[in-house]
Amino acid sequence: MELVTRLTELIYSNLIREDRFRLLFDGLGLTLQITLYALCMGVVIGVVIAVARIMKIKVLSQIAQFYVDIIRGTPIVVQLVIIYYAVLADSSLPKTMVASIAFAINCGAYVSELIRGGILAVDRGQMEAARSLGLSWFQSMRFVVIPQAVKNILPALVNEAIALLKETAIAGYIALDDLTRAGNIIRSVNFDPYTPFLIVAIIYLYCTTTLSVFAGMLERRLRASD
Amino acid sequence: MIKVENLTKSFGELKVLTGVNAHIGKSEVVCVIGPSGSGKSTFLRCLNLLEEPTSGKVWIDGIELTEHVKEINRLRQKMGMVFQQFNLFPHMTVLDNIILSPIRAKGEKKADAVALAKELLAQVGLADKVNEYPNRLSGGQKQRVAIARALAMRPEIMLFDEPTSALDPEMVGEVLEVMKNLAKAGMTMVVVTHEMGFAREVSDRVLFMDSGVIAEEGPPSAIFGNPQNPRTREFLSKVL
């Protein structure tokens, strides 16, 4: 009986009072928004960087290599803060967009390595066949090689998306009210050290699990041709 | 139709072609035979610049390729190529494999490309496989699709790089049959092959390659019946 009372009280203080569930709800919305934007831009950046490195145009691939090294060699919190307060400080972009760009730049570096590996793993004969048919190098990449590369790396790409979703938890560093920060706010007003984060954890877990399930379905569909 | 002059190709230190001269006329079917490593495939791949010649010249229809590298995509449309490993695009259906480059490289309308693709598939006896994915086809079927795919660009020349070498023996016949029909229809063909029966029966001329040059050439009756070069004789005695 006491347990029920305690539980009701917890739910009330963490979710109901002053409409606190809304904080979490809005936070989740922001987290998902940043993740989605960052992932889309990140994949585009990743493809461009990967192609630049594969083309072996010296200047281009050196820049690409430099970018990848920097991103992989520094913590993402540091990148986010620097991009927000220094690189894009004077831009009129909304804060959410700045955060999305920062995460995209980070994500792009990892995705580019994935895609590069994926492209190199596609049989050379595919490119040759496409070229022999009169397609240009870029067309061959676009219609023949990259689709196969993406398919091969899809599981890894979903892992990347899951990692990204969790990494956005640092958005609070630039005062964005994402899911984690919403939990933090409830923690401080409730003087409750962990219950809000238990709820936050469950929400994250639900999202990442959904992603995994979705990825599984997508993989099975793509495998139709195997 | 095809003229090759002093063609050489080296991979680093390795000299694969050391001076190939050849002339192939319109509607001629030429088989290239010779031991492994003699440069047959490299020679063929130089004809559409899949390999860039180290030196020498290649004319297709009067246009010298190495001087027109920028237009190579357009020039390649005149030459279909069929590979030993088929190289079908596994993520596309048979139909999409065939219509991809007519639409993208030539700018054909989709409806036209589809109509032609279906016609060609019927020609190679695979009309019922339009919507199948390559991995569900047998080797012989894959190679016939690959031939249809190359033909969809309406090429003037077809290059075959050991088209039956990766096939199970019972599937070789169906592919050679398609090639024979193509030859009968007047297609200019260059075929690198180990199928001596096909070379003897179908080709107008046989080139025997050895150590990076054409060591002997002539009509099949002469090459197979009365080879002059001792290397040709040695090779034929091993494979026949």
Side-chain angles (χ1 to χ4, degrees), chain A residues 43 46-47 50-51 54-58 60 111 114-158 214-226, chain B residues 41 44-45 47-51 70-94 96-108 131-137 142 145-146 148-155 157-161 166:
Chain A
V43 168
V47 169
V51 169
I54 280 175
M55 282 174 76
K56 292 186 181 140
I57 296 173
K58 214 172 172 196
L60 222 57
V111 171
L114 282 179
I115 293 184
R116 200 171 77 98
I119 289 175
L120 293 177
V122 173
D123 181 49
R124 249 187 50 179
Q126 293 289 309
M127 177 57 104
E128 289 183 350
R131 295 306 305 276
S132 79
L133 287 162
L135 294 167
S136 71
W137 189 86
F138 274 105
Q139 284 176 321
S140 308
M141 269 292 173
R142 179 170 155 214
F143 298 114
V144 175
V145 177
I146 289 180
Q148 293 182 57
V150 168
K151 194 173 125 187
N152 292 340
I153 63 167
L154 201 72
L157 213 52
V158 172
F214 170 72
M217 280 161 46
L218 199 63
E219 245 190 288
R220 272 192 293 282
R221 257 203 65 191
L222 285 171
R223 215 174 278 157
S225 62
D226 287 348
Chain B
S41 287
L44 192 75
R45 291 158 60 86
L47 295 183
N48 66 356
L49 292 203
L50 275 189
E51 298 298 349
K70 286 216 171 87
E71 293 155 66
I72 190 65
N73 296 328
R74 199 174 48 78
L75 294 169
R76 277 192 185 126
Q77 294 177 16
K78 292 185 181 188
M79 297 174 272
M81 187 162 196
V82 175
F83 300 84
Q84 183 177 358
Q85 298 296 339
F86 330 124
N87 296 349
L88 292 179
F89 308 137
H91 59 301
M92 296 180 184
T93 62
V94 164
D96 288 334
N97 261 276
I98 299 177
I99 64 175
L100 174 69
S101 74
I103 293 175
R104 297 291 173 178
K106 258 186 169 177
E108 268 181 38
N131 293 315
E132 207 62 88
Y133 281 96
N135 292 351
R136 303 197 45 177
L137 303 178
K142 282 183 197 168
V145 170
R149 179 175 72 177
L151 290 174
M153 292 300 283
R154 302 178 197 271
I157 300 165
M158 284 285 283
L159 310 174
F160 292 87
D161 190 2

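Within every chain, numbering begins at 1; the chains are lettered A, B, ... in the order of the sequence lines, protein sequences first and strands thereafter.
With a threshold of 4.5 angstrom between heavy atoms, Arg149(B) approaches chain A through its backbone and through its side chain. In this structure, chain A has a heavy atom under 4.5 Å from the backbone of Met79(B), while its side chain stays farther away. Contacts of Phe89(B) with chain A are made by both backbone and side-chain atoms, with heavy-atom separations under 4.5 Å. For Leu88(B), the part lying near chain A is the backbone, with the side chain staying farther off; criterion is any non-hydrogen pair under 4.5 Å.
You'll find the side chain of Arg45(B) reaches within 4.5 Å of the side chain of Glu128(A), heavy atoms only. When side chains are defined from C-beta on, Arg76(B) does not count as touching Leu133(A), because their heavy atoms never get closer than 4.5 Å.
Side-chain atoms of Asn73(B) and Arg131(A) include a donor-acceptor pair closer than 3.5 Å.
Expressed to the nearest 0.5 Å, how far CE of Met153(B) lies from OG of Ser132(A) amounts to 9.5 Å. To the nearest 0.5 Å, atoms CE (Met92(B)) and CD (Gln148(A)) are separated by 8.0 Å.
Without hydrogens or angle criteria, Asn87(B) side chain to Gly125(A) main chain gives a donor-acceptor distance under 3.5 Å. Judged by distance alone, the side chain of His91(B) and the main-chain N or O of Val145(A) form no donor-acceptor pair under 3.5 Å.
For residues 96-106 of chain B, the interface with chain A (any heavy-atom pair closer than 4.5 Å) comprises Leu100(B), Ser101(B), Arg104(B), Ala105(B), sorted by residue number.
What you find for Gln126(A) and Pro90(B) is that their closest heavy atoms are OE1-CD, 3.4 Å.
Every residue two or more places apart in sequence or in another chain was checked for a side-chain hydrogen bond (donor to acceptor under 3.5 Å, both in side chains) with Arg154(B), and none qualifies.
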